[in-house]
Amino acid sequence: MNDLGDLLKPEAVLSGPMASSKKKLFGVIADAAATAYGLDRGAVAARLADREKVGSTGFGGGIAIPHGKIDGLDRVVGVFARPETAIDFGAIDDMPVDLVFALLSPVQAGGDHLKALARVSRRLRDRAFTAKLRGAGSADALFVLLTGLETRDAA
């Protein structure tokens, strides 16, 4: 499966000037997760920040996949963010990050969490695909690229 449509809702795809730091970005992602999936904003932001303390989720090439396990989820979900200005993530290559796919999983989702993480990572390692994401003109266009759905209304 090349698309990530099973992980995203339209309101969980963000583009534009949203944050100037990793901490602020986690707050924006948490807000989107609260809106899209009914999750507790504080819990999401805290989980992402806690995971980041273990080691940076910035894996290079301007890409990060912050992730965490959250109470109240029944499946793995995501929030994609493309901030207008790249953010220092302490990535392995020391490059700032401009493509962020936050992955949120149920607390008991061991295998499903790892499979989703691997799938997102594979997709975001495709340089042609990430070039399209960087060139997309709107959150709607990003949603279409990420999910393979024709419009946001199709979700």
Side-chain angles (χ1 to χ4, degrees), residues 1-33 36-37 44-45 47-70 73 75-105 109-155:
M1 178 184 297
N2 273 343
D3 71 73
L4 304 170
D6 60 318
L7 300 174
L8 291 169
K9 287 186 172 183
E11 56 272 29
V13 177
L14 312 170
S15 178
M18 59 189 74
S20 57
S21 70
K22 192 179 346 181
K23 182 178 179 179
K24 289 178 183 176
L25 180 64
F26 288 164
V28 170
I29 288 169
D31 287 340
Y37 309 112
V44 171
R47 267 331 143 280
L48 295 176
D50 288 347
R51 169 55 188 85
E52 207 65 25
K53 289 175 188 171
V54 174
S56 177
T57 56
F59 69 77
I63 299 162
I65 308 176
H67 52 279
K69 294 185 177 180
I70 309 289
L73 272 174
R75 66 184 182 92
V76 180
V77 297
V79 175
F80 181 83
R82 185 187 65 186
E84 185 174 71
T85 303
I87 296 169
D88 178 18
F89 245 79
I92 194 164
D93 62 358
D94 291 323
M95 297 295 294
V97 167
D98 65 344
L99 298 176
V100 179
F101 197 112
L103 204 57
L104 307 170
S105 301
D112 288 343
H113 176 79
L114 293 175
K115 286 177 188 174
L117 193 56
R119 196 165 48 121
V120 169
S121 175
R122 268 193 309 274
R123 194 69 181 116
L124 294 179
R125 286 184 193 277
D126 178 337
R127 289 181 189 222
F129 181 66
T130 57
K132 288 179 185 178
L133 292 174
R134 288 184 171 107
S138 67
D140 286 338
L142 287 166
F143 181 76
V144 169
L145 285 168
L146 290 161
T147 64
L149 299 174
E150 291 301 314
T151 67
R152 285 181 153 228
D153 295 334

Would you indicate whether the side-chain heavy atoms of Asp50 and Glu52 approach each other to under 4.5 Å? no
Without swapping roles, check the side chain of Arg123 against the backbone of Phe129 for a donor-acceptor pair under 3.5 Å. no
Tell me, with the steps shown, if Asp93 and Phe59 meet side chain to side chain contact (heavy atoms under 4.5 Å, CB included). CA-CA 8 Å; Asp93 62 358; Phe59 69 77; over 6 Å; no
Shortest non-hydrogen separation from Val79 to Ala32 and the atoms involved: CG1-CB, 3.9 Å
Is there a side-chain contact between Ile63 and Thr130 in this structure, where contact means two heavy atoms from C-beta onward sitting under 4.5 Å apart? yes
Taking the six-membered ring of Phe26 as reference, does the cationic atom of Arg51 (NZ for Lys, CZ for Arg) lie under 6.0 Å from its centre and within 45° of its axis? no
Looking at Asp98 and Arg134, is any side-chain nitrogen of the basic one under 4.0 Å from a carboxylate oxygen of the acidic one? yes
Is the shortest side-chain heavy-atom distance between Leu124 and Phe101 below 4.5 Å? yes
Between CZ of Arg75 and CG of Asp6, what distance do you get to the nearest 0.5 Å? 7.5 Å
I want to check something: taking the side chain as every heavy atom from C-beta on, are Ser20 and Thr85 in contact at a cut-off of under 4.5 Å? no
Rounded to the nearest 0.5 Å, the CG atom of Leu8 sits from the CG atom of Leu142 at a distance of 10.5 Å
Looking at side-chain heavy atoms only, is the closest gap between Asp88 and Lys22 below 4.5 Å? no
Verdict with reasoning, Asp126 to Lys132, per salt bridge (Lys or Arg N to Asp or Glu O under 4.0 Å): CA-CA 10 Å; Asp126 178 337; Lys132 288 179 185 178; over 6 Å; no
Among all residues two or more places apart in sequence or in another chain, which pass the salt bridge (Lys or Arg N to Asp or Glu O under 4.0 Å) test with Asp94? none
Using side-chain heavy atoms (C-beta onward) and a distance below 4.5 Å, is Val76 in contact with Leu104? no
State, to 0.1 Å, how close Tyr37 and Gly78 come at their nearest heavy-atom pair, and which atoms those are. OH-O, 2.7 Å
Closest heavy-atom contact between Arg82 and Met18? O-CE, 3.6 Å
When rounded to the nearest 0.5 angstrom, what distance separates CG in Leu117 from CD1 in Ile65? 5.5 Å
Work out which heavy atom in Lys9 is nearest to a heavy atom in Ala36; give both atom names and the distance. NZ-O, 2.9 Å
For Leu103 versus His113, what's the shortest heavy-atom pair and its separation? CD2-O, 4.2 Å
Measuring from Phe143:CZ to Ser15:OG, what's the distance to the nearest 0.5 Å? 14.5 Å
Any side-chain heavy-atom pair from Leu25 and Phe89 closer than 4.5 angstrom? yes
Residues two or more places apart in sequence or in another chain: which of them pass side chain to side chain contact (heavy atoms under 4.5 Å, CB included) with Ser138? Asp140, Ala141
If you apply the rule side chain to side chain contact (heavy atoms under 4.5 Å, CB included), what do you find for Val44 with Ile70, and how did you get there? CA-CA 7 Å; Val44 171; Ile70 309 289; 4.2 Å; yes
Non-hydrogen atoms of Leu99 and Val97 that approach each other most closely: O-CG1, 3.5 Å
Output the distance between atom CG (Leu7) and atom OG (Ser105), rounded to the nearest 0.5 Å. 8.5 Å
Lys69 meets the salt bridge (Lys or Arg N to Asp or Glu O under 4.0 Å) criterion, sequence neighbours left out, with none
More than 12 heavy atoms of other groups within 6.0 Å of Ile92 CD1: no
